[in-house]
Amino acid sequence: MSHEASVMEDAYVLLNPGPVNTTPRVRRSLLRPDLCHREEEFSQLLRNVRGNLLSAFGLEEEYTAVFLTGSGTAALEASLTSCLDPSKKVLVLSNGVYGERIEKIAGIHGYRRLTLRAGIGEPFELKDIERMLVSDDEIAAVAMVHHETSTGMLNPVNEICQLDAMRGRRMLLDAVSSLGGEALDPASSGIQVCACTANKCLQGLPGVSFVLLHRDELERMKAYPEKSLYLDLRNYWNHQEQGMVPFTPAIPAFYALDAALEELREEGAGNRIERYRNYSRFLRAGFERLGLEYLISPRYHSNTLTALKLPAHMTYETLHDRLKEEGFVIYAGQNTLKERIFRVANMGNLSMRDLEAFLSCLEEIIKL
Ligand SMILES: *Cc1c(COP(=O)(O)O)cnc(C)c1O
């Protein structure tokens, strides 16, 4: 095999929720020239990426995007520490590992907070949220996860935004695994802040994450004290307006995001979501045929991840290792779900053929 071919071929079909399989075009973009980030070429790249990202989701008017070098958690921590009012409280909604992460970040930075917990993989009761909001007028913001990737549960952010008691309060959303995979319209829903990443449903590479910010936030943020040097969105925003970044960016990951956004524009965000939805339907029909059981009620399933109970006679390690021998990478449960479930994501540059081959392998392995 030539070196060129080995660089471009997929060694594994990645069924983990990011980093995802990318296209050859995205991987080839890494071979663009070495660049100094203080030069005009980088400013141009940054402008392109920002423009294409906002237009892919129809957000040019009311929102801006602030880019960071770091994983999705960097965007999340930057969102919370830059956009929460330290003199007020935040209501954190948590029904999984990523909800807990929001709470943890808010705790580390000393924000006063209330947490509404539903069981892992259980839906929130809207009336509980309403009650908490009504009972404490110091709550200025709600922070929650859109797609709770630890269970594959899609949380109803729109319904929550529409609650009467949300009026005058802000929504900070972890959209890391949902942007590009689920219908999400921050402008019409009234979501002021979305933390997102390049290497999940946008099909870029790890290293770049970003925050979609309502323009009103830019003014509001100015009044808050600095909580972090590296994760201060105001600093990034100020630099970005001049076509710059404050610290050395992951330039190759920006190249890849630029190519991935070109592809998103060609495909269309709506078609991307539809493609993922079709993948998940196909996989789920297969899982049901094999008699596998879902962790959560299918009515809450996202378009991009299915959490399944491990067959009684099989450990995760065995299942994982046998699938990997056949070229498929699945994902374990986190924390308390570690011994009980496995997860199959369907984000990225996949094909129905990949998924068909995966289901046949899975069938062979679990029927033994
Ligand atoms: C992937 C993910 C994150 C961030 O994970 P990183 O490893 O930091 O990229 C945050 N929230 C959700 C919902 C995720 O799926």
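Note that the structure is predicted; figures quoted are calculated from it, not measured. As the structure lists them, so they are numbered: ligands from 1, and atoms in each ligand from 1.
Under 4.0 Å from ligand 1, the heavy atoms of Arg101 that appear belong solely to its side chain. Contacts of Val145 with ligand 1, taken as heavy-atom pairs under 4.0 Å, involve the side chain alone.
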Verdict with supporting geometry, His147 and Thr304, side chain to side chain contact (heavy atoms under 4.5 Å, CB included): CA-CA 9 Å; His147 174 211; Thr304 56; 3.3 Å; yes

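Remark: side-chain polar atoms of Gln240 are not paired, donor with acceptor, to backbone N or O of Val245 under 3.5 angstrom. At least one donor-acceptor pair under 3.5 Å links the side chain of Ser43 to the backbone N or O of Gly243. Side chain of Ser178 to main chain of His146: no donor-acceptor pair is present (N/O by atom type, distance under 3.5 Å, no hydrogens or angles).
If you look at Phe57 and Tyr63, their ring centroids are not closer than 6.0 Å.
Salt-bridge formation is not detected for the pair Glu226/Arg234: no Lys NZ or Arg NE/NH1/NH2 atom is positioned less than 4.0 Å from an Asp or Glu carboxylate oxygen.
The distance from ligand 1 to the heavy atoms of His147 drops below 4.0 Å at these ligand atoms: 13 (C). Per-residue contacts place Ser177 under 4.0 angstrom from the following atoms of ligand 1 (heavy atoms of the residue considered): 13 (C), 15 (O). Contact atoms of ligand 1 toward Thr73: 4 (C), 5 (O), 6 (P), 8 (O) (distance under 4.0 Å to a heavy atom of the residue).
For Lys200, a nitrogen or oxygen atom sits less than 3.5 Å from a nitrogen or oxygen atom of ligand 1, counting backbone and side chain alike. Remark: ligand 1 and Thr149 share an N or O pair separated by less than 3.5 Å (distance only, no angle test). Ligand 1 has a nitrogen or oxygen under 3.5 angstrom from a nitrogen or oxygen of Ser71. Considering backbone and side-chain atoms together, Val176 places no N or O closer than 3.5 Å to any N or O of ligand 1.
Here the shortest heavy-atom distance to atom 9 (O) of ligand 1, taken over Gly72, Ala195, Gly70, belongs to Gly72.
With rounding to the nearest 0.5 Å, the separation of OG1 in Thr315 from CG in Leu319 is 8.0 Å. In this structure, Ser79 OG and Leu213 CG are separated by 7.0 Å, a value rounded to the nearest 0.5 Å.
Under the 4.0 angstrom criterion for non-hydrogen atoms, Asp174 is in contact with ligand 1.
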